[in-house]
Amino acid sequence: MSETLIEVRDIGKRYGNVIALSGVTTSVHAGEVTCVLGDNGAGKSTFIKILAGAHPHSDGELVVDGEPRHFTSPRDAQALGIATVYQDLAVVPLMPVWRNFFLGQEPTKGWGPLRRLDRETMKRTTSTELAAMGIDLRDVDQPIGTLSGGERQCVAIARAVYFGARVLILDEPTAALGVKQSGVVLKYIARARERGLGVVFITHNPHHAYPVGDRFMLLRRGRSMGDFPKSDLTLDELTAMMAGGAELEALSHELTAELGQDSEVAQTMSQDVKVLDT
Amino acid sequence: MTAATQATAADERVSRQSTLTRVLRRPEVGALVAAVAVFVFFAVQTEVFATANGASTWLRSASTIGIMAVAVAMLMIGGEFDLSAGAMTGFTGLAVGVMTTHWGLPIWLAILISLLLALALGVANGVMVIRTGLPSFIVTLGTFFVLQGVDVALTKAITGDVAIQGMSLVPQYDQPHAVFGSALDVNGGSLYVSVLWWIVVTAVATWVLLRTRAGNWIFAVGGAQTSSRQVGVPVARTKIALFCTTAGAGWLVGMLLLFTTSTVQSNTGIGQEFIYIICAVVGGCLLTGGYGSAVGAALGALIYGMTNQGIVYAGWDNNWLKAFLGVMLLLAVLLNEWVRKRAELAR
Ligand SMILES: Nc1ncnc2c1ncn2[C@@H]1O[C@H](COP(=O)(O)OP(=O)(O)O)[C@@H](O)[C@H]1O
Ligand SMILES: [Mg+2]
């Protein structure tokens, strides 16, 4: 097995007395994609915020490169090469692609009052880095807002890769995209993996996760439903676990609302959900 | 190999894009067209407008407005407003006037102190905006009223007058006068040094905006503040520096006004703050931030200066200036909005 970059053991997060996440165990390896699946409110964002250093975890262990860590700021995570591409992508729509690519880490030349952006390097690097990820842009000078959602997502990924990310965390990169655009993004996730990065791919769509994933961690209502290598799980099983859980749960809620908590049917249903949960 | 072929293919598609579209997408194009139109109009309509003598007057009025408009444009690109910018021009001029004519401070020292006061007020504006998260519109409206009160009341309390008197009798007055208030004789007209300052300020601002890291950050904090912070742009530092820039520009204009006319009124600059914003918007700045140009703002000020004086030369009622400004502003806002939509929409 390839180098283990991150290991998460029994990790949990409490916000006051709200338990947003508990008992989550998984790992991220170089050149592999770890998928985190779950419905809305399952705790996916909470989980990646722990990895990204946005919130410290309250239970369990986070081990990076064999050393236990407790991130207190995103900088801690960034310093270890853990880069996060959030859903809003952290881009400035009206600025050209090449300015966005280097935003916050602009290379300069000259000194004193003549210290200026190294525009040639910036534009050339943007082009070549995007090309290396297989992104074919008309023009790096166009405002990034004119790119399609998928292209923007890819620029954000390419940027993270260029700036030395070893672990790339993607928060629902395909959630707002159509089928074709999602395909494009999945292709770049595969590219990043080929380049040896460890990828954490958050999604609620098993059909997006399965083709690119090497390992699947399922979350439901803040609890882990298990952590499976691809060899242990077929797409059908994955889909069944996702859909089955969600449907049962929704139905159970509906019934409880309709028939009252004490009704026999509702109780059986919620029993079933609990069984699936464990 | 594939990358190389792709790059060539990409280049071909770029060249197929019309160069005209690219030029038209520059923020300052609208202002340039309008400036040429206004110039031609008054040059044809009046005798004096296009003479050296006529031009020296409208260039001078455009220059001081222009310096402020450029600084305000940078701040607006950074996503903020400074309503205290106009009162600042009066405040700094009055400060130097009072310190020299009434307290007998050496003139250069007074000039330096007034600069430090301006920068301190700029920092105060910036810190208040950043710390409270309140709109800068409200915060600097507060600073504006404070400055207005101080300008008028304090000047009156100290000097017993509404203007600075006897400035030219201050020892070494000639030195700052040469730097801030002199004029060159060109072809029978006067080229005021403020016009040179205006050009320098516009050039430096353009350089900063387009060629430096700071410029990149200014566009970024105005365009998407949260995103900028996420990628490590020093948001607070950038914004505070911008408020210092408008305050510093206010100081420069204060000096230009004081040493060109050797006096300054206690109400100088009050009411001008919106003119600066209008010039910046006419020059292509978006009110929502993240987009605009220093050259555009300078052109906006040129349009203002030309119209202001052109109406006088044409012998019209001066109030037409206001109506004209309103029309320009509306046209500019519509044009800018259209440009922004085009820039933001996927093709
Ligand atoms: N800052 C917070 N304070 C309190 N509860 C929170 C906070 N953030 C998330 N939660 C709760 O934790 C749960 C998981 O949320 P989240 O991780 O955002 O889910 P997902 O990203 O899978 O949709 C939700 O029930 C949410 O209400
Ligand atoms: Mg989420």
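Chain naming here is simple, since letters A, B, ... match the order of the sequence lines and numbering starts at 1 in each.
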Query raised in the report: So which part of Gln78(A) gets closer than 4.5 Å to some heavy atom of chain B, the side chain, the backbone, both or neither?
Result: side chain
Query - Contact residues of residues 240-253 of chain B (partner chain A; heavy-atom separation under 4.5 angstrom) - result: none
Report task. Please name the pair of heavy atoms, one in Leu103(A) and one in Trp217(B), separated by the smallest distance, quoted to 0.1 Å. Result -> CD1-CD1, 4.2 Å
Query - Contact summary for Arg99(A) and Leu210(B), nearest pair of heavy atoms - result: NH2-O, 2.7 Å
Report task. Measure distances from Pro107(A) to the heavy atoms of chain B and classify the residue's part below 4.5 Å as side chain, backbone, both or neither. Result -> neither
**Report entry** Exercise: identify the closest heavy-atom pair between Val91(A) and Ala224(B)
**Finding:** O-CB, 3.8 Å
Query - Point-to-point distance, once rounded to the nearest 0.5 Å, from CE of Met95(A) to OG of Ser227(B) - result: 11.0 Å
Query raised in the report: Where do Trp207(B) and Arg115(A) come nearest, in terms of heavy atoms and distance?
Result: CZ2-O, 4.4 Å
Query - Side chain / backbone / both / neither for Thr108(A) at chain B, heavy atoms under 4.5 Å - result: side chain
Requested in this report: Select one option (side chain, backbone, both, neither) describing which atoms of Phe163(A) are under 4.5 Å from chain B's heavy atoms.
Outcome: neither
Query raised in the report: Any idea which heavy atoms bring Leu286(B) and Leu94(A) closest together, and the distance?
Result: CD1-CD1, 3.9 Å
